[in-house]
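As the structure is a prediction and not an experimental result, all values here were calculated from the model. First listed ligand is number 1; within each ligand, the first listed atom is number 1. Side-chain atoms are counted along with the backbone in the values below, which use heavy atoms only and exclude waters and symmetry mates.
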Amino acid sequence: MKLMPTADAAAIGYAVQLLRQGRLVAFPTETVYGLGADAANPDAVRRIFAAKGRPADHPLIVHIKDAEALTDWAAVVPDAAWKLAAHFWPGPLALILSKKPCVSMTVTGGQATVALRVPNHPLALGLLQAFDGGIAAPSANRFCRISPTQASHVVEELGDAVDLILDGGACQVGVESTIVDLSGGHPRLLRPGHITPFDIEAVLQTGLLMPVSAQSATLRAPGMMALHYAPTTVAMRCPTVDLPAGIQQLTTDGKRVGVLAYRHPLVASKRVHIIHVPEQADSYAQALYASLRELDGLQLDMILVEQPPETAAWQAINDRLRKATIAF
Ligand code: TXA
Ligand code: MG
């Protein structure tokens, strides 16, 4: 595995060369780092599944360079897709559309639909323009682990399983894209993200259906599985008022505790490691995965996460926390 900084002008050329050879290139997006392969090469796409340890029926997002490229992948591009693309791309929104027959089932995990997105990161866009094709890229972590938001996280997760990592620093958004399904009758949210249902409804001038629960979903969507984004240390969401007592009980039992706090002015002690994350939802999201990863690396007995508010601004964060932690 090779790590190359953005400043290296040769990096994109080398990345394109690797992609054309069917190899794997991790690259930054505004959300999280992606593990990329040529979306038109099923053997290359299979390497993504192997590197992540991800089951073959979990579909991948195909990254494209601009909205015009939608017609290379989607059999039908409804008006709603053009509107959302014009408004939010490049940006943290993936659209599910019915796929063209030429799109490999390897990339769509056997689905008749394909997920498409134009990422808003200069390095990702530079790579897509130079490659001039679709790049299939899930988050560059091992299956069921925390998504990487820095190049060093990708090294930790995948090591030599990836041929090249383009280092573009820390991701600005920090949680995965919003996913909207436009392949059926009415637009439906599949995964909350930085772009909220309110933002989408304002552009479409129509209501958005909410995700179906994991139990009733027939689709194998990894982001919908319980504890999908989990650290290896047991992690628990804890209401602000219960944090001090929770910590006291654990430390009295001789346990070492990590705390992810955004509001409570807790003070660290010998057995208590605290990470204070910002109180604004956007900045919190940016710091979330790196903070969980840091606490997870400390070999603690338990991680307590101060429960954020259940408001619209925190929807994507609460969704990820429900998948990374157990309830108090
Ligand atoms: O922000 C992101 O979307 C990042 C960056 C790298 O772009 N990618 C990402 O990929 O989060 P991944 O594979 O970790 O999550 C992709 C999600 C999964 O929940 C998958 O089930 C869903 O997209 N998905 C992909 N194709 C789909 C399809 N045809 N129908 C429904 N869901 C689909
Ligand atoms: Mg993922």
**Fill in**
Near T31 (heavy-atom distance under 4.0 Å), the atoms of ligand 1 are 1 (O), 2 (C), 4 (C), 5 (C)

**Prompt:** Would you call the rings of W314 and Y262 parallel, tilted or perpendicular if under 30° counts as parallel and over 60° as perpendicular?
**Reply:** tilted

**Request:** Before accepting this row, confirm whether a basic side-chain N of the pair R237/E310 lies closer than 4.0 Å to the acidic partner's carboxylate O.
**Result:** no

**Prompt:** Would you say R54 has any N or O atom under 3.5 Å from an N or O of ligand 1, going by distance alone?
**Reply:** yes

**Message:** Please confirm whether the ring centroid of F143 lies under 6.0 Å from the ring centroid of H58.
**Reply:** yes

**Prompt:** Any salt bridge between R191 and E176, counting N to O under 4.0 Å?
**Reply:** no

**Request:** Have a look at ligand 1 and work out which part of H58, if any, has a heavy atom under 4.0 Å from it: side chain, backbone, both or neither.
**Result:** neither

**Request:** Check each atom of ligand 1 against the heavy atoms of S139 and keep those under 4.0 Å away; list them by number with element.
**Result:** 8 (N), 9 (C), 10 (O), 12 (P), 14 (O)

**Shortest non-hydrogen contact between S139 and K52, atoms and distance** = O-NZ, 2.7 Å

**Request:** Taking the side chain as every heavy atom from C-beta outward, state whether T29 and Y33 have any atom pair closer than 4.5 Å.
**Result:** no

**Message:** Can you name the atoms of ligand 1, numbered from 1 with element, that are less than 4.0 Å from a heavy atom of P59?
**Reply:** 20 (C), 21 (O), 24 (N), 25 (C), 26 (N), 27 (C), 28 (C), 33 (C)

**Prompt:** Of S177, G34, A124, A137, which has the heavy atom at the shortest distance from atom 8 (N) of ligand 1?
**Reply:** A137

**Prompt:** Can you find an N/O atom of T29 closer than 3.5 Å to an N/O atom of ligand 1?
**Reply:** no

**Request:** List every atom of ligand 1 that sits less than 4.0 Å from any heavy atom of I179, numbering the atoms from 1 in the order shown and giving each element.
**Result:** 17 (C), 22 (C), 23 (O)

**Prompt:** Is L209 close to P187 at the side-chain level, that is, under 4.5 Å between some pair of heavy atoms?
**Reply:** no

**Request:** Provide the closest heavy-atom pair for I146 versus R293 in the form atom of the first, atom of the second, distance.
**Result:** O-NH2, 2.6 Å

**Asked** Hey, is L60 touching ligand 1 through its side chain, its backbone, both or neither, going by heavy atoms under 4.0 Å?
**Response** backbone

**Message:** Under 3.5 Å between any N/O of Y33 and any N/O of ligand 1: does that happen in this structure?
**Reply:** no

**Prompt:** Under 4.0 Å from ligand 1, counting heavy atoms only, is it the side chain of L190, its backbone, both or neither?
**Reply:** side chain

**Asked** Got L260 and V277 here, is their nearest side-chain heavy-atom distance under 4.5 Å?
**Response** yes

**Message:** For atom 32 (N) of ligand 1, which of the options T108, I96, I135 provides the nearest non-hydrogen atom?
**Reply:** I96

**Prompt:** Should T113 be counted as touching ligand 1, given the test is an N or O pair under 3.5 Å?
**Reply:** yes

**Item:** Proximal atoms of ligand 1 relative to R191 (non-hydrogen, under 4.0 Å)
**Value:** 2 (C), 3 (O), 9 (C), 11 (O), 15 (O), 16 (C), 17 (C)

**Asked** Do E156 and R142 sit within salt-bridge range, that is, some charged N less than 4.0 Å from a carboxylate O?
**Response** no

**Item:** Close-contact set for ligand 1 against H63 heavy atoms, below 4.0 Å
**Value:** 5 (C), 6 (C), 7 (O)

**Message:** At less than 2.8 Å, would any N/O/S atom of S147, backbone or side chain, sit next to the Mg ion (ligand 2)?
**Reply:** no

